[in-house]
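Below is one structure, written out as structure tokens; comments come after it.
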Amino acid sequence: QVQLVEGGGGLVQPGGSLRLSCAATGSIFSINAMGWYRQAPGKQRELVATITTGGNTNYADSVKGRFTVSRDNAKNTVYLQMNSLKPEDTNVYYCNALIRATGISAYYTYWGRGTQVTVSS
């Protein structure tokens with residue numbers, strides 16, 4: 001069963017850093033794009049950063065220069081390095097990946113369960 005397992009969330013002070021990780025597990029044939037989204041209470045889920053198989057990245061304007069998305073294809077893992085964190089970054093962060101499972105002929109979107117990031121003094 002394919003699933004995304006997230007880690008690295010927690011409580012951090014403003015200006016601090018966190019590194020989120022998301023590992024795709026299960027019977028996987030191929031992984032296409034991967035990325036991170038976030039959703040604050042009462043808000044819609046929004047894109048934070050994405051990265052293609054070839055390493056092309058895309059960032060929300062609000063995190064450019066502070067966040068860096070990367071991936072380790074050998075480990076089926078995507079990371080989000082978050083620096084200079086602000087209280088406004090407080091959100092539940094969700095991992096997303098386009099995955100083709102073994103024996104399946106199409107790619108499907110998978111979501112992690114989310115990890116809480118709280119930026120507060």
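Any value given below was found using the heavy atoms of this structure, including those in side chains, with hydrogens, waters and symmetry copies removed. Model, not experiment: these values are computed from the prediction.
Checked against side chain to side chain contact (heavy atoms under 4.5 Å, CB included), Thr25 has the following partners two or more places apart in sequence or in another chain: Gln3, Val5.
At a threshold of 4.5 Å between non-hydrogen side-chain atoms, the residues Gln13 and Ser121 do not count as touching. Counting heavy atoms from C-beta on, the side chains of Trp36 and Cys95 come closer than 4.5 Å. For the pair Phe67 and Leu85, the minimum side-chain heavy-atom distance is below 4.5 Å. Contact check for Tyr37 versus Thr50: side-chain heavy atoms found under the 4.5 Å cut-off. Side-chain contact between Asp89 and Met82 is absent, with no heavy-atom pair separated by less than 4.5 Å. Counting heavy atoms from C-beta outward, Arg71 and Tyr79 have side chains that stay 4.5 Å or more apart. Put simply, the side chain of Thr115 reaches to within 4.5 Å of the side chain of Leu20, judged on heavy atoms. Side-chain contact check for Pro14 versus Pro87: some heavy-atom pair is nearer than 4.5 Å.
Formation of a donor-acceptor pair under 3.5 Å by the Glu6 side chain with backbone atoms of Gly114 is found in this model.
Connection of Val12 to Val48 is established within a shared hydrophobic cluster, with ILVMFWY side chains joined at heavy-atom distances below 4.5 Å, either directly or through further cluster members.
Minimum interatomic distance between Gly9 and Val117 (heavy atoms only, all atoms of both residues): CA-CG2, 4.3 Å. In terms of heavy-atom proximity, Ser70 sits nearest to Val78 at O-CG2, 3.2 Å. Among all heavy-atom pairs drawn from Asn91 and Gln116, the shortest one is O-NE2, 3.3 Å.
One distance of note links CG of Asn73 with CE of Met34; it measures 8.5 Å at 0.5 Å rounding. In this structure, the separation between SG on Cys22 and CH2 on Trp111 is 10.5 Å, given to the nearest 0.5 Å.
A donor-acceptor pair shorter than 3.5 Å cannot be found between the side chains of Thr77 and Asp72. Looking only at atom types and distance, the side chain of Arg38 has no donor-acceptor partner in the side chain of Thr90 under 3.5 Å away.
For Arg113 and Tyr94, the positive end is not near the middle of the six-membered ring at less than 6.0 Å and at most 45° from its axis.
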Which pairs would a plain distance check flag for residues 97-109, meaning a side-chain donor or acceptor within less than 3.5 Å of a matching protein atom at least two apart in sequence or in another chain?
unit_1, atom_1, unit_2, atom_2, d
Arg100, NE, Ile104, O, 2.8
Thr102, OG1, Ser27, O, 3.4
Tyr107, OH, Ser30, OG, 2.9

Side-chain polar contacts of residues 53-61 - donor-acceptor pairs under 3.5 angstrom, sequence neighbours left out - could you list them?
unit_1, atom_1, unit_2, atom_2, d
Thr53, OG1, Ile31, O, 3.4
Tyr59, OH, Val69, N, 2.9
Asp61, OD1, Lys64, NZ, 3.1

Step by step, work out the side chain to side chain contact (heavy atoms under 4.5 Å, CB included) result for Tyr110 and Asn96. CA-CA 6 Å; Tyr110 291 82; Asn96 173 263; over 6 Å; no

Could you walk me through whether Val2 and Ile28 satisfy the side chain to side chain contact (heavy atoms under 4.5 Å, CB included) test, starting with their C-alpha distance in whole Å, then the side-chain angles of each, then the deciding distance to 0.1 Å, before giving a yes or no? CA-CA 7 Å; Val2 174; Ile28 297 171; 4.0 Å; yes

